[in-house]
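The figures that follow rest on heavy atoms only: side chains count, while hydrogens, waters and symmetry mates do not. For clarity, every value in this text was computed on a predicted model and none was experimentally measured.
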Amino acid sequence: MARVAGVLLVLAMLCAMGVVTSQHRARKVFVDLEAEQSDQRKLDEEFTQLTLEQSTWATNKRIDSIAAKSLGMRLPDASNTVIVTPDGEPVSGKRP
């Protein structure tokens with residue numbers, strides 16, 4: 001009888017150690033999950049900021065300004081504009 005009690009005691013201790021180990025692993029995985037979710041939130045914020053910055057850099061006003069300053073570009077005068085219609089007839093001067 002003492003032998004059976006000893007075996008049961010060893011089994012109970014092994015089960016208890018298994019539960020403790022399992023809980024420790026679960027807590028560690030949860031902490032890792034929280035850290036990864038935090039990183040994801042930071043990356044989402046950075047992506048939003050970069051998207052906003054990209055749209056700011058690509059505005060028509062900014063591109064027009066750079067084209068005028070750096071490249072010396074300007075809009076053509078109406079007198080220099082030639083519009084070609086679908087039938088191939090050029091229309092000079094004014095826009096239709």
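Side chain of S22 to main chain of G18: no donor-acceptor pair is present (N/O by atom type, distance under 3.5 Å, no hydrogens or angles). Although no hydrogens or angles enter the test, the distance criterion places no donor-acceptor pair under 3.5 Å between the side chain of T59 and the main chain of S55.
A58 and I63 get closest at one heavy-atom pair: O-CD1, 3.6 Å.
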Can I get a per-line list of side-chain donor-acceptor pairs under 3.5 Å for residues 39-52, giving both atom names and the distance, sequence neighbours left out?
residue : atom : partner : partner atom : Å
T48     : OG1  : D44     : O            : 2.9
T51     : OG1  : F47     : O            : 2.8

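As a member of the Ile/Leu/Val/Met/Phe/Trp/Tyr network built from side-chain separations under 4.5 Å, M73 groups with L71. V31 forms part of no hydrophobic cluster, judged by ILVMFWY side-chain heavy-atom separations under 4.5 Å. Other residues sharing a hydrophobic cluster with L14 under the 4.5 Å side-chain heavy-atom criterion for ILVMFWY residues are V10.
For I66, the side-chain contact (heavy atoms from CB on, under 4.5 Å) partners are R62, S70, not counting sequence neighbours. With sequence neighbours left out, T85 forms a side chain to side chain donor-acceptor pair (under 3.5 Å) with D87.
For Q54, the CD atom is loosely surrounded, since the number of other residues' heavy atoms within 6.0 Å does not exceed 12. With a 6.0 Å radius and a threshold of 12 heavy atoms from other residues, nucleotides or ligands, D32 has its CG atom above the threshold. Within 6.0 Å of CG in L75 there are 12 or fewer heavy atoms belonging to other residues, nucleotides or ligands.
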